[in-house]
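The chains referred to below are lettered A, B, ... by the order of the sequence lines, with proteins before strands, and numbering in each begins at 1.
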Amino acid sequence: MRTLVIVEHDNENISSSTLCAVSAAQKLGQDVDLLVASSANHIAEKAQQIMGISKVLNFVGDNFKNEIAEDLTACILAVSKDYNFFVASSSTTGKNLMPRISALLDIQQISEVIEIVSNNTFKKPIYAGACIATVESQQEKNIITVRTTAFEKAVPEGGSGQIENIDIPEVESRKSVFVGNELTVSDRPELTSADIVISGGRGMQDGNNFALLDSVANKLNAAVGASRAAVDSGFAPNDYQVGQTGKSVAPNLYIAVGISGAIQHLAGMKDSKTIVAINKDEEAPIFKVADYGLVGDLFEVLPELESKI
Amino acid sequence: MKILVPIKRVNDYNVKVRPNQSNTDVDLTNVKMAVNPFCEIALEEAIRIKEAGNAEEVVAVSVGSEKNQEQLRTALALGADRAILIKTEVEVQPLDVAKILVKIFEKENPKLVLMGKQGIDGDHNQTGQMLGAMLSIPQATFASKVEINADSVNVTREIDGGLETLSVELPAIVTTDLRLNEPRYASLPNIMKAKRKPIDEINLEELGLSIEQKVKTVKVESPSEREEGIKVDSVDALLDKLRNEAKVIE
């Protein structure tokens with residue numbers, strides 16, 4: 001049997017989380033095909049170059065511009081009989097889509113997989129990462145979403161997948177319509193794929209103070225993140241949120257500023273290679289996971305850091 | 001309009017849950033239990049919609065043991081009009097819960113199902129989407145804003161790159177994200193009043209579903225701990241470590 005990976009894209013580029021999903025899929029030891037649903041052919045043409053993949057199932061139609069779950073579900077179901085594994089990243093797109101497929105194929109999905117032990121055994125965090133569960137599927141077909149920080153990115157070029165164009169399945173009247181979006185525009189790298197991330201917590205005291213993080217981030221070419229406490233306090237938008245209910249990141253360097261280190265936050269960043277904590281409370285739990293801790297006032301430390309990088 | 005709000009009983013989010021001695025499951029002995037925070041947000045939104053005159057009834061439903069009465073009483077104290085408990089002692093997974101909710105949906109015919117995007121125990125983030133698919137009705141997940149219209153609902157969703165707004169036809173499933181609202185606390189008079197509100201009990205067997213654990217948990221362990229590092233006493237010392245020891249910046 002074969003494995004199908006659902007490709008996520010923004011109509012221009014394939015998302016880096018898809019590359020992680022491909023390398024996770026390759027660990028299953030079966031042929032890996034990709035499913036692309038988009039409004040033009042160039043996404044499939046990019047997808048076919050991903051190293052190590054076999055086929056690209058290409059659905060082209062205007063409906064697919066905004067990755068509406070109901071529309072994508074119809075495409076996946078149309079080809080599902082050839083596959084016993086369906087893999088997507090646990091991005092908001094994957095989370096939104098895959099359970100719909102699971103329900104219609106009567107499969108209990110396994111979310112946020114961090115390790116593929118064998119073709120029926122997987123590891124995944126539970127309780128905000130406080131525990132790691134090893135789960136065994138008794139099913140012939142499986143659907144998994146993978147945590148991207150746990151898998152390397154597949155090489156995006158050099159592959160030679162065959163594109164197979166497939167007719168768009170009939171969808172009953174569309175009950176879900178895209179109205180609009182407000183995407184965060186930034187020159188800095190994307191949070192989940194950045195090499196360096198600097199995040200602020202409640203200690204930042206005010207949203208305006210995030211400018212201090214921005215200036216350090218600009219010098220380091222880092223992405224800016226936030227703890228849930230900072231997001232809840234309105235200091236930063238929700239798509240900055242790192243943690244159980246936000247994003248998982250694992251950069252080379254993670255700098256936590258004014259973050260106490262609640263377990264829900266640690267869940268999203270403790271796999272980072274090097275962790276720095278800057279906090280005025282020397283008892284803050286964040287220091288327990290930090291490689292380098294600096295006890296001090298962030299309003300003095302950040303400008304000094306910025307001037308010396 | 002009637003709104004159905006599923007309520008999950010989970011550990012209190014302040015409690016750090018650990019594996020049991022034999023590493024077969026988590027140890028929830030003496031752990032304080034509560035309404036899943038995302039379900040609380042869903043309930044709050046449902047009550048606000050009712051208070052704004054856009055819904056007549058809010059029905060809370062929970063699947064689990066007799067102990068779930070506690071969380072349903074909380075839901076009633078917060079403003080749900082009545083509650084349904086689907087009683088079972090067996091472990092139910094998201095696919096099972098979705099199948100159970102289909103039965104309740106068919107019985108109650110709500111216009112809107114408002115539910116949490118995930119339980120903070122299993123962190124699955126599946127049930128709402130599964131329910132939508134099984135009922136062939138649209139979904140709007142991870143909501144940070146909900147606007148009710150005559151035949152549809154406009155939902156602003158928290159997505160990775162920012163926000164997205166969908167218009168979905170009713171009936172629909174909406175799952176809630178953190179920023180949708182800030183749930184109220186139950187007042188003492190409302191807690192007293194909640195004691196008189198009805199909770200219907202239905203045995204899971206009566207629904208005629210076969211529940212099977214398609215995925216078995218074989219081991220639960222603590223994650224590998226990071227070793228605590230060192231404290232540095234100045235920005236210069238920190239930069240020196242990052243440049244020359246960790247070699248993560250230039």
Subject >> Largest heavy-atom contact set with chain A, pairs under 4.5 Å, which of K241(B), H124(B), R157(B) >> reply: K241(B)
**OP:** Could you pull out the closest heavy-atom pair between A246(B) and T274(A), with the gap in Å?
**Re:** CB-OG1, 3.8 Å
Original post:
Is there a donor-acceptor contact under 3.5 Å from the side chain of E70(A) to the main chain of Q139(B)?
Top reply: yes
**OP:** Report the C-alpha distance between E182(A) and T165(B) in whole Å, list the side-chain angles of each, state the deciding distance to 0.1 Å, and finish with yes or no for side-chain contact (heavy atoms from CB on, under 4.5 Å).
**Re:** CA-CA 9 Å; E182(A) 268 173 65; T165(B) 303; over 6 Å; no
Original post:
So which of N120(A), I110(A), I132(A), V231(A) has the largest heavy-atom pair count under 4.5 angstrom toward chain B?
Top reply: I132(A)
Subject >> Within 6.0 angstrom of K280(A) NZ, more than 12 heavy atoms from elsewhere >> reply: no
Original post:
Do K95(A) and D160(B) sit within salt-bridge range, that is, some charged N less than 4.0 Å from a carboxylate O?
Top reply: no
**OP:** Could you please spell out the steps behind the side-chain contact (heavy atoms from CB on, under 4.5 Å) verdict for I107(A) and L95(B)?
**Re:** CA-CA 7 Å; I107(A) 295 171; L95(B) 187 69; 5.8 Å; no
Subject >> Inter-chain contacts: residues 10-30 of chain B against chain A, heavy atoms under 4.5 Å >> reply: N11(B), Y13(B), K16(B), V17(B), R18(B), P19(B), V26(B), L28(B)
**OP:** Please state whether the side chain, the backbone, both or neither of I101(A) comes within less than 4.5 Å of a heavy atom of chain B.
**Re:** neither
Original post:
Is it the backbone or the side chain of Q241(A) that comes under 4.5 Å from a heavy atom of chain B, or both, or neither?
Top reply: side chain
Subject >> chain A interface, residue from D123(B), D96(B), V220(B) that has the most non-hydrogen pairs under 4.5 Å >> reply: D123(B)
Subject >> Pick from R179(B), R243(B), E250(B), E158(B) with the largest number of heavy-atom pairs that fall under 4.5 Å of chain A >> reply: R179(B)
**OP:** Enter the distance from N66(A):CG to E164(B):CD here, rounded to the nearest 0.5 Å.
**Re:** 6.5 Å
Subject >> Closest approach of N125(B) to P99(A) (non-hydrogen atoms, all atoms of both residues) >> reply: O-CG, 3.7 Å
**OP:** Below 4.5 Å from any heavy atom of chain A, which atoms of L239(B) appear? Answer side chain, backbone, both or neither.
**Re:** side chain
Original post:
What distance do Q109(A) atom CD and Q129(B) atom CD have between them, rounded to the nearest 0.5 Å?
Top reply: 8.0 Å
Original post:
Which one, A130(A), A128(A), S15(A), A277(A), leads in non-hydrogen pairs under 4.5 Å with chain B?
Top reply: A130(A)
**OP:** Measure distances from I137(B) to the heavy atoms of chain A and classify the residue's part below 4.5 Å as side chain, backbone, both or neither.
**Re:** backbone
Original post:
chain B: which of V276(A), V295(A), L97(A), T145(A) shares the most heavy-atom pairs with it under 4.5 Å?
Top reply: V276(A)
**OP:** Below 4.5 Å from any heavy atom of chain B, which atoms of K247(A) appear? Answer side chain, backbone, both or neither.
**Re:** side chain
Original post:
Between D106(A) and K214(B), is there a side-chain N and carboxylate O pair less than 4.0 Å apart?
Top reply: yes
**OP:** For K231(B), look at atom NZ and say whether over 12 heavy atoms of other residues, nucleotides or ligands are found less than 6.0 Å away.
**Re:** yes
**OP:** Please round to the nearest 0.5 Å and tell me the distance separating atom NZ of K216(B) and atom CD of Q138(A).
**Re:** 4.0 Å
**OP:** Specify which of V301(A), N181(A), D291(A) makes the most heavy-atom pairs with chain B at under 4.5 Å.
**Re:** D291(A)
Original post:
Going by heavy atoms in the side chains, are V177(A) and E169(B) under 4.5 Å from each other?
Top reply: no
Subject >> Options S17(A), P125(A), A133(A), ranked by heavy-atom pairs under 4.5 Å with chain B, top entry >> reply: A133(A)
Original post:
Given a strict heavy-atom distance threshold of 4.5 Å, which part of S234(B) is in contact with chain A: side chain, backbone, both, or neither?
Top reply: backbone
Original post:
What closest approach, in Å, do P223(B) and G129(A) show between heavy atoms, and which atom pair accounts for it?
Top reply: CG-O, 3.3 Å
Original post:
So, Q126(B) versus S102(A): side-chain donor-acceptor pair below 3.5 Å or not?
Top reply: no
Original post:
Relative to chain A, which segment of L166(B) carries a heavy atom at a distance below 4.5 Å: side chain, backbone, both, or neither?
Top reply: both
Original post:
Which answer fits L163(B), side chain, backbone, both or neither, if we ask what part of it has an atom under 4.5 Å from a heavy atom of chain A?
Top reply: both
**OP:** Sort Y240(A) into side chain, backbone, both or neither according to what part of it lies under 4.5 angstrom from a heavy atom of chain B.
**Re:** neither
Subject >> Choice from Y127(A), Y292(A), F178(A) maximising heavy atom contacts with chain B below 4.5 Å >> reply: Y127(A)
Original post:
Is the closest side-chain heavy-atom distance between R228(A) and L178(B) below 4.5 Å?
Top reply: yes
Original post:
Under a 4.5 Å heavy-atom cut-off, does chain A meet the side chain of I249(B), its backbone, both or neither?
Top reply: side chain
**OP:** Check L104(A) against M134(B) and note the closest heavy-atom contact, atom names and distance.
**Re:** CD2-N, 4.5 Å
Subject >> Contact origin within L183(A) toward chain B - heavy atom pairs under 4.5 Å >> reply: both
Subject >> Toward chain B, the part of Q264(A) with a non-hydrogen atom under 4.5 Å >> reply: side chain
**OP:** Give, for atom OG1 of T93(A) and atom CD1 of I159(B), the distance between the pair rounded to the nearest 0.5 Å.
**Re:** 7.0 Å
Subject >> N/O donor-acceptor pair under 3.5 Å between K124(A) side chain and G122(B) backbone >> reply: yes
Original post:
Side chain, backbone, both or neither: which part of I263(A) has a heavy atom under 4.5 Å from chain B?
Top reply: side chain
Subject >> Distance-minimising heavy-atom pair for T245(A) and K117(B) >> reply: O-NZ, 3.1 Å
Original post:
If you measure from CG on D236(B) to NZ on K308(A), what distance do you get to the nearest 0.5 Å?
Top reply: 3.5 Å
**OP:** Please say whether more than 12 non-hydrogen atoms of neighbouring residues, nucleotides or ligands are located less than 6.0 Å from NZ in K141(A).
**Re:** yes
Original post:
Roughly how far apart are E212(B) CD and Q108(A) CD, rounded to 0.5 Å?
Top reply: 10.5 Å
Subject >> For the student: nearest non-hydrogen atoms of F142(B) and N96(A), plus distance >> reply: CZ-N, 4.1 Å
